[in-house]
Amino acid sequence: MAGRGRGTRLIAVAGAALVLAAAAACSDDEGAARPTISPSVTTADVTGTTTVETTTVDTTVTEATGTTTVTTTPPDGTTVTAGTTVQMDDAPPDVEAWLITVHQQNLARLAAGRSAESVAASGDVRALGGRWVTDYPALDAEVRARAAARGVALPDTPTPGSDADLDAVERESGDGYDAAWTARETGDISTYLAFVEDGGGAAQDPDVVALAAMTRPVLREHLDLLAGIRRPVEAVPAGEGPVGGPGRVGAVAVAAVGAALVLVAGVGAAVARRRP
Amino acid sequence: MAADPDRRRPLWPVPVAVFGSMLVGWGFVMSGAAGPRTPPDFGSRSVIAADSLVPGEVAPAGPDEAEARPGVGAATATSPPPTELRLPGRDLAARVHPVGVTRDGVLQLPADPRDVGWWAGGAGVGSGSGPVVVAGHVRTVGGGTGTLATLLDVTEGEVVDLVRADGAVVSYRVRSRLSYVKGDLPPELFAAGGAHRLVLVTCTGDVDPDTGSYTRNVVVTAEPLG
């Protein structure tokens with residue numbers, strides 16, 4: 001069991017080093033492929049700083065003590081939640097599931113950001129895509145560090161459903177893409193925020209608490225940004241009929257002519273019967 | 001030799017009657033394809049009148065948003081999006097997709113008329129204020145009759161459920177059904193703020209033979225249960 005704990009720590013350190021490198025690398029990655037991040041670095045002690053626009057998180061992973069120390073500075077800079085110390089141990093299933101879900105959300109948002117940067121018609125949506133590409137890898141760096149410290153293996157890709165949703169958005173073009181992208185991101189980030197708020201069965205876990213505190217303001221800010229570019233509804237074209245048809249008036253007129261012909265035929269037949 | 005009386009009868013009424021019958025049938029069918037009859041209105045227009053009538057305005061924060069939850073901090077300000085619409089009284093359900101608005105103000109809708117769209121710029125389900133807007137095709141040429149065609153038959157007091165992505169079910173009760181000439185939808189239908197309400201929209205009226213689009217919208221408004 002002790003050997004397993006030491007192995008877990010080594011993995012944790014390697015993962016922490018990786019995520020700090022990946023956080024820096026992701027924003028420079030111009031590749032169009034959906035995001036994947038793979039561990040490859042091993043080191044004894046790692047200290048790094050991740051800044052997500054309004055929240056600063058300092059992370060220290062120390063092999064000797066087997067602890068991860070996280071310091072979070074909220075946007076106002078007046079309150080510092082410091083010294084959250086997490087023992088390196090195997091994560092309970094709920095915590096593992098929480099970390100995987102959040103990681104896959106980050107990957108999905110990163111993919112959406114890259115998509116918007118290259119496909120969106122408007123500068124507003126492209127700019128949001130750029131924010132996603134900056135912010136979500138930074139958030140994910142912390143998720144990966146804590147997952148590594150807890151011995152949680154994270155998937156390399158978003159969920160298949162998420163990929164399918166993005167494919168559907170990318171089938172639109174121009175302004176239609178922008179509207180679909182904005183709607184999809186609003187829905188998905190709302191879902192992501194609700195998940196982070198709820199915490200599931202892991203709400204009391206120190207890692208989950210710290211990550212939720214770090215993630216929540218970013219998601220709220222992104223929802224505000226999305227709300228800032230939304231447009232009012234002016235028309236709801238909720239149906240389509242045959243083009244080139246007679247219309248209701250024309251159809252009724254034709255039916256009336258038909259009825260008149262039937263009537264004439266009936267009268268004609270009756271008159272003919274009465275003739276001697 | 002007496003002449004056959006049948007031979008003296010004219011034959012023209014027969015083809016004329018057949019042709020006339022065909023015209024009646026064709027006209028009947030095309031009249032149906034030209035769009036559903038606009039259903040009668042019920043309920044008050046005041047149901048849709050929000051306190052704050054600025055289209056696109058951000059809804060004020062609800063009182064529950066400041067509440068803290070143990071372990072993870074403040075409660076969410078934005079509820080998860082709806083994933084399913086149900087009319088339990090009719091054993092009817094439709095998938096819900098988030099939809100946006102194009103530059104010309106047109107609400108995008110799922111192409112499949114069995115599915116419906118939730119306006120992502122509107123209120124969240126159970127959010128405490130503002131309109132949750134859900135719309136869907138009444139009918140499409142390739143897809144047939146849509147789920148929301150049932151709005152043409154819905155009655156006051158019927159229950160409509162929205163299932164959110166987190167599994168929560170929020171129920172609403174139908175209060176009004178009003179139809180509008182397309183293009184004359186009142187902005188307050190979609191305005192942020194005011195009482196929380198569900199706004200369901202589809203099309204009705206005649207089909208414009210030049211464009212294939214319907215001439216009217218029917219709007220059903222429902223209030224939260226409980």
Side-chain angles (χ1 to χ4, degrees), chain A residues 175-176 178-180 182-184 186-187 190-191 193-199 203-204 208-209 212-213 216 220 223 227 230-248 250-266 268-269 272-273 275, chain B residues 9-10 12-13 16-17 19-24 26-28 30-31 33-35 55-56 58 69 71-73 75-81 98-103 105-109 119-121 124 135-141 165-166 183 190 201-203 206-207 209 212-214 217:
Chain A
D175 188 46
D178 290 3
T182 305
R184 187 241 188 183
T186 300
S190 297
T191 302
L193 178 57
F195 178 78
V196 168
E197 297 282 10
D198 181 68
Q204 303 298 329
V208 170
V209 171
R216 193 164 39 237
R220 287 184 187 279
L223 287 173
R230 76 183 181 192
R231 304 170 179 133
V233 178
E234 296 173 11
V236 185
E240 58 179 38
V243 176
R248 190 189 304 280
V252 170
V254 169
V257 169
L261 288 175
V262 172
L263 183 64
V264 167
R273 276 184 185 278
R275 278 184 182 165
Chain B
R9 289 181 187 168
W12 64 265
V16 168
F19 182 62
S21 299
M22 291 170 63
L23 290 181
V24 170
W26 184 85
F28 181 78
M30 293 309 292
S31 176
V58 176
R69 287 186 185 184
V72 292
T76 180
T78 306
S79 57
V99 294
V101 177
T102 58
R103 194 179 302 278
V106 172
L107 185 67
Q108 294 178 313
L109 293 178
W119 178 38
H137 292 297
V138 68
R139 182 178 178 81
T140 64
V141 173
D166 62 353
F190 310 107
V201 187
T202 191
C203 274
D206 295 341
V207 172
S213 64
Y214 286 75
N217 284 119

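Everything numeric in this text was worked out from a predicted model, so none of it was measured. These values consider heavy atoms only, across backbone and side chains, with no hydrogens, waters or symmetry-generated copies. Protein chains get the first letters and strands the later ones, always in sequence-line order, with residue 1 at the start of each.
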(request) Would you please test B/Trp12 and A/Val264 for side-chain contact (heavy atoms from CB on, under 4.5 Å) and show each step? (result) CA-CA 10 Å; B/Trp12 64 265; A/Val264 167; 4.1 Å; yes

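Of the possible donor and acceptor atoms, one in the side chain of A/Arg230 sits under 3.5 Å from a partner among the backbone N and O of B/Gly121. In terms of modelled atom types and a separation under 3.5 Å, the side chain of B/Arg139 and the main chain of A/Gly239 share no donor-acceptor contact. Judged by distance alone, with hydrogens and angles left aside, the side-chain atoms of B/Asn217 form a donor-acceptor pair with the main-chain N or O of A/Val236 at under 3.5 Å.
Contact detail for A/Ala265 and B/Val16: the closest heavy-atom pair is CB-CG1, 3.8 Å. The nearest pair of heavy atoms linking A/Val262 to B/Gly20 is CG2-C, 3.5 Å. For A/Ala269 against B/Pro13, the heavy-atom pair with the smallest separation is N-CG, 3.8 Å. Taking every heavy atom of both residues into account, B/Pro80 and A/Ala194 meet most closely at CG-CB, 3.3 Å.
Taking the side chain as every heavy atom from C-beta outward, A/Pro237 and B/Ser213 never approach each other to under 4.5 Å. Between A/Thr186 and B/Pro98, every side-chain heavy-atom pair lies at or beyond the 4.5 Å cut-off. Proximity of A/Asp198 to B/Asp166: side-chain heavy atoms (C-beta onward) are nowhere separated by under 4.5 Å. Contact check for A/Arg231 versus B/Arg103: side-chain heavy atoms found under the 4.5 Å cut-off.
In this view, B/Thr102 and A/Asp175, A/Ala179, B/Asp104, B/Val106, B/Gln108 satisfy the side chain to side chain contact (heavy atoms under 4.5 Å, CB included) rule, not counting sequence neighbours.
In terms of heavy-atom pairs under 4.5 angstrom with chain B, the leader among A/Val257, A/Val233, A/Leu263 is A/Val233. Ranked by heavy-atom pairs under 4.5 Å with chain A, the first of B/Gly100, B/Ala165, B/Gly105 is B/Gly105.
Heavy-atom distances place the backbone of B/Val99, and not its side chain, under 4.5 Å from chain A.
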